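Read through the structure below, which is laid out as C-alpha cells, and then see the notes.
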Number of protein chains: 2
Amino acid sequence: MADPMYRQIADDLRRQIEAGDLPAGSQLPTELDLCDEYGASRNTVRDAIRLLITRGLVETRPGQGTYVVENIQRFVTTLIEDPETGRGGGEEGVYIAQVEAANRTPRNCALRVEIQQAVGDLAAALQVEDGTYVISRHQQRFIDSAPWSLQTSYYPMSLVNSHGATRLLEATDIPEGSVTYLGEHVGIKQTGYRDKIAVRPPDETEISFFSISADGLVPVFEVFRVGFDQNGNPFRLTVTVYPADRIQFAVNVGEVPT
Amino acid sequence: MADPMYRQIADDLRRQIEAGDLPAGSQLPTELDLCDEYGASRNTVRDAIRLLITRGLVETRPGQGTYVVENIQRFVTTLIEDPETGRGGGEEGVYIAQVEAANRTPRNCALRVEIQQAVGDLAAALQVEDGTYVISRHQQRFIDSAPWSLQTSYYPMSLVNSHGATRLLEATDIPEGSVTYLGEHVGIKQTGYRDKIAVRPPDETEISFFSISADGLVPVFEVFRVGFDQNGNPFRLTVTVYPADRIQFAVNVGEVPT
DNA sequence: GCAAATTTGTTCGTATGTATT
DNA sequence: CAATACATACGAACAAATTTG
C-alpha cells in the first residue's frame, strides 16, 4: 500500500486533466459515478476531490457538479512603471493609467479616514513610538465592478500638525495623488520607497470582499510600501492586499522593450 | 443554524488562538477532547481542524497532537539590489552575498544541463519559434541545508552556435555569473530585465523538494526573469520557485535607507 | 410557479492503520 | 510492548443548491 486510496484517485484524475482528457471547463463524473468507477466510498472520493481543489485544478458547485477550472488570465500590476522617474505602480495615478490601458474601467470606493494609534510593525515601519497617532486612509478598489484590492495608507499625524498637510484628514480623493500633494504643498518629497511582497491566507474580511473560497484556499498578496522623504525618513506606509489567483506583479529594470 | 457546526468550532478555536489563550507552539486539546467539549463527532472536529490548517493557524503531527504554528521569520529576497547598477537580486553572485550577510550558509546543488525544445510560454518569452532548441540549466538551492529554491535558466542555442558561449553547455557553475560571462566573453550585455511574480499551488516535485504539506496548502512563488541585451532582445529566461511560507520579496526604488 | 430529480454539503457512527511517546 | 493521537476508509442519513420536467 504505497499511497492511500484517495490520493491514487486524485492522481488519476489529475493525470486525466493534465492530459486533456478532461479539458478546462468540463464536468467531472459525479461523486457517485466516481464511487463506482474506483470502487471507493463517497467520503473517499470526496477526499480525492478536495485534494484537487486545494491544488487549484477543479472547483465544485453545489447542486451542479465538479468542474475543471478555467485558466484565469492574471492581470499584471507593475511595481516600477518607469525606471527613470522611479515612480511606483500601484499608486493612484499610475494605477488608473494601467487599468485603462487594458480597456478596463477602474473604480474607487469611498475613502474611509481614521485616526488611530500605531503599534508594532506599523510603528516600526514609520519609525515612530508605539502609541503615536497616525492617519489611516482606507479604500476598496474595483475593476469592471469586480473587487480588486484593499488598500490602506498610514501617515504620521506630524504631517498635519507640523507640516499642515490637512487634506490628509479629508475623506475625499486627492486626485493628483497624495505623494504629489505632499511634495508640492507640504515640501515632503518622496525620494525612494521600498516594497515588500508576501503571501498569506486571507482573513474573513478579505474572503468576503474578494468573494474567494471560504475555505481560505486562495491566498492573498500583501504589498507593504514604505515611502521615504528627502531626509531618508519614512512618511507613509501603504498596505495593499490582492487576491493571489488573479494577479501577477512585474518589475522592470533597465531598458525593457514593451 | 447560520453556520455549520465544524465552522463554528473552527471559529471558536481561531478566536482562542488570536486572543492568545492558545499561544504559538502550544498544543490544542486532542480530537477526542474536542468531541466532548463541543458535543460533536470526531469527523466534525477534524473538519474544523482542517479549516484551521488551510488558514495556516495550526498543524497536526501524527501520534503527537495538533499545535498552534509558530510565526515563521520570512527571509527577504531583494529583487533589485542596487538601483544605480540595476543589478538584480536572485542571481548567482548577489544571491550568495545576501544569504551570507544574514549569517546563513548557502549551498548550490549540482547543476543539471539539458537541451530541449522551447514551446509555448518559454518560446514566447525568448521570442523564438516553437520547437527551437534551448539550453536549460537547472539548480537546487539550499540555505543552512534547508531547501530554498528551484531555479531553471533557459538560453537559446544560438548563443552557443552563433556566439560561442560554450560554457553554457558545461554542467559546472559559472562563478562570476552567466550574465557577466555572456557580457565579457560573448558580447551579449544585459541592459535590462523584467520580473514577473505569481503564486500558484505546488506540484509534486516542489512538495517533495521543499517538504511542504502534501495537501498543497502552502503555495509557491514563481518568479520569471527575462533578460534583455543591448539590442532589446531577450537572451535568457530564469524561472525560480520558492515556498511562499518562508519568503518575502523586496523592491527598492530610489534612495532607500538600510 | 411547483415538484421531482440530481448533485454536492454536513454530520453521525464505526473500524482499522500508522506514527510517536 | 502498550498507550495515545492522528490518518484513512467505509456506510448511512439528511440538508441545501440547482436543474429539469
Side-chain angles (χ1 to χ4, degrees), chain A residues 1-14 17 22 25-69 207 211-218, chain B residues 1-14 17 22 25-69 207 211-218:
Chain A
M1 301 303 182
D3 272 7
M5 188 187 301
Y6 76 94
R7 203 167 301 224
Q8 294 179 33
I9 297 173
D11 282 346
D12 190 58
L13 290 170
R14 180 175 53 75
I17 292 170
L22 291 167
S26 66
Q27 183 177 5
L28 266 66
T30 68
E31 293 174 353
L32 291 178
D33 287 345
L34 291 172
C35 290
D36 288 346
E37 188 173 335
Y38 293 102
S41 75
R42 188 169 159 230
N43 280 329
T44 302
V45 164
R46 282 176 61 78
D47 280 345
I49 290 175
R50 170 160 40 222
L51 210 54
L52 298 177
I53 294 174
T54 68
R55 303 210 180 158
L57 294 174
V58 305
E59 63 185 355
T60 58
R61 302 174 201 155
Q64 296 188 50
T66 306
Y67 296 83
V68 181
V69 297
I207 287 174
S211 305
I212 53 185
S213 152
D215 295 337
L217 300 170
V218 176
Chain B
M1 299 299 182
D3 274 6
M5 189 186 302
Y6 75 95
R7 206 169 297 232
Q8 294 179 34
I9 297 173
D11 282 346
D12 190 59
L13 290 171
R14 180 175 53 76
I17 292 170
L22 292 166
S26 66
Q27 182 177 3
L28 266 67
T30 68
E31 292 175 354
L32 291 178
D33 287 345
L34 291 171
C35 290
D36 288 346
E37 187 173 335
Y38 293 101
S41 77
R42 188 163 160 235
N43 280 330
T44 302
V45 164
R46 281 176 61 77
D47 280 345
I49 290 175
R50 173 164 34 226
L51 209 56
L52 298 177
I53 293 175
T54 68
R55 302 209 180 158
L57 293 175
V58 305
E59 63 185 354
T60 57
R61 302 175 201 156
Q64 295 186 52
T66 305
Y67 296 83
V68 181
V69 296
I207 286 173
S211 304
I212 52 185
S213 153
D215 296 337
L217 301 169
V218 175

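Chain letters run A, B, ... following the sequence lines, proteins first and then strands; every chain starts at 1. For clarity, every value in this text was computed on a predicted model and none was experimentally measured.
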**Study point:** Distance-only donor-acceptor test, B:R42 side-chain atoms vs D:dA7 base atoms, 3.5 Å
**Key:** yes

Check your understanding: What is the distance, rounded to the nearest whole Å, between atom CZ of B:R61 and atom C1' of C:dT18?
Key -> 17 Å

Review point. Closest nucleotide of DNA chain D for B:P29 versus for A:N43: which of these residues is on the 5' side?
Key: B:P29

**Study point:** Side chain of B:P62 - closest among C:dC12, C:dA19, D:dA9
**Key:** C:dA19

Check your understanding: D:dT4 C1' sits how many Å from B:Y67 OH, rounded?
Key -> 11 Å

Check your understanding: Looking at B:T66, does any N or O in its side chain come under 4.0 Å of the phosphate oxygens OP1/OP2 on D:dC6?
Key -> yes

Exercise for review: Could you tell me the separation between the CG atom of B:L34 and the C1' atom of D:dA5, rounded to a whole number of Å?
Suggested key: 12 Å

Check your understanding: Which of these nucleotides, D:dA5, C:dC12, C:dT10, is closest to any side-chain atom of B:R7?
Key -> C:dT10

Review point. Can you find a heavy atom in the side chain of B:T44 that is under 4.5 Å from one in the side chain of B:Y38?
Key: no

Check your understanding: What do the steps show when you test B:L34 against B:I9 for side chain to side chain contact (heavy atoms under 4.5 Å, CB included), and what is the final call?
Key -> CA-CA 9 Å; B:L34 291 171; B:I9 297 173; 5.8 Å; no

**Study point:** Nucleotide nearest B:A40 (side chain, heavy atoms from C-beta), chosen from D:dA5, D:dG11, C:dC12
**Key:** C:dC12

Exercise for review: Grab the CD-P distance between B:E59 and D:dA7 for me, whole Å please.
Suggested key: 11 Å

Review point. Between B:E31 (CD) and D:dC6 (C1'), how many Å, whole number?
Key: 5 Å

Check your understanding: Would B:I17 and B:V58 count as a side chain to side chain contact (heavy atoms under 4.5 Å, CB included) if you check the C-alpha gap in whole Å, the side-chain angles of each, and the deciding distance to 0.1 Å?
Key -> CA-CA 9 Å; B:I17 292 170; B:V58 305; 3.7 Å; yes

Check your understanding: Under the side chain to side chain contact (heavy atoms under 4.5 Å, CB included) criterion, do B:R55 and A:I207 qualify, and how do the steps go?
Key -> CA-CA 11 Å; B:R55 302 209 180 158; A:I207 287 174; 4.1 Å; yes

Revision key, fill the gap. Judged by nearest nucleotide, the residue sitting upstream toward the 5' end of DNA chain D, A:G39 or A:G63, is A:G39

Review point. Passes side chain to side chain contact (heavy atoms under 4.5 Å, CB included), B:L28 versus B:V68? Steps please.
Key: CA-CA 7 Å; B:L28 266 67; B:V68 181; 3.6 Å; yes

Review point. How many Å lie between CG on A:D3 and C1' on D:dT8, as a whole number?
Key: 12 Å

Practice item. Report yes if a side-chain nitrogen or oxygen of B:T60 is closer than 4.0 Å to either non-bridging phosphate oxygen (OP1 or OP2) of D:dA7; otherwise report no. Key: yes

Check your understanding: Side-chain N or O of B:R46 less than 4.0 angstrom from OP1 or OP2 on D:dA7?
Key -> yes

Check your understanding: Should B:T44 be listed as having a side-chain N or O under 4.0 Å from OP1 or OP2 of C:dT10?
Key -> no

Practice item. Could you work out which one of C:dC12, D:dC10, C:dT10 sits closest to the side chain of B:Y6? Key: C:dT10

Review point. Tell me: CG of A:D47 to P of D:dG11, nearest whole Å?
Key: 14 Å

Check your understanding: What is the distance from CD1 of B:I49 to C1' of D:dA5, rounded to the nearest Å?
Key -> 11 Å

Point to revise | Shortest side-chain distance from B:Q64, nucleotide among C:dT21, D:dA12, C:dG9 | key: C:dT21

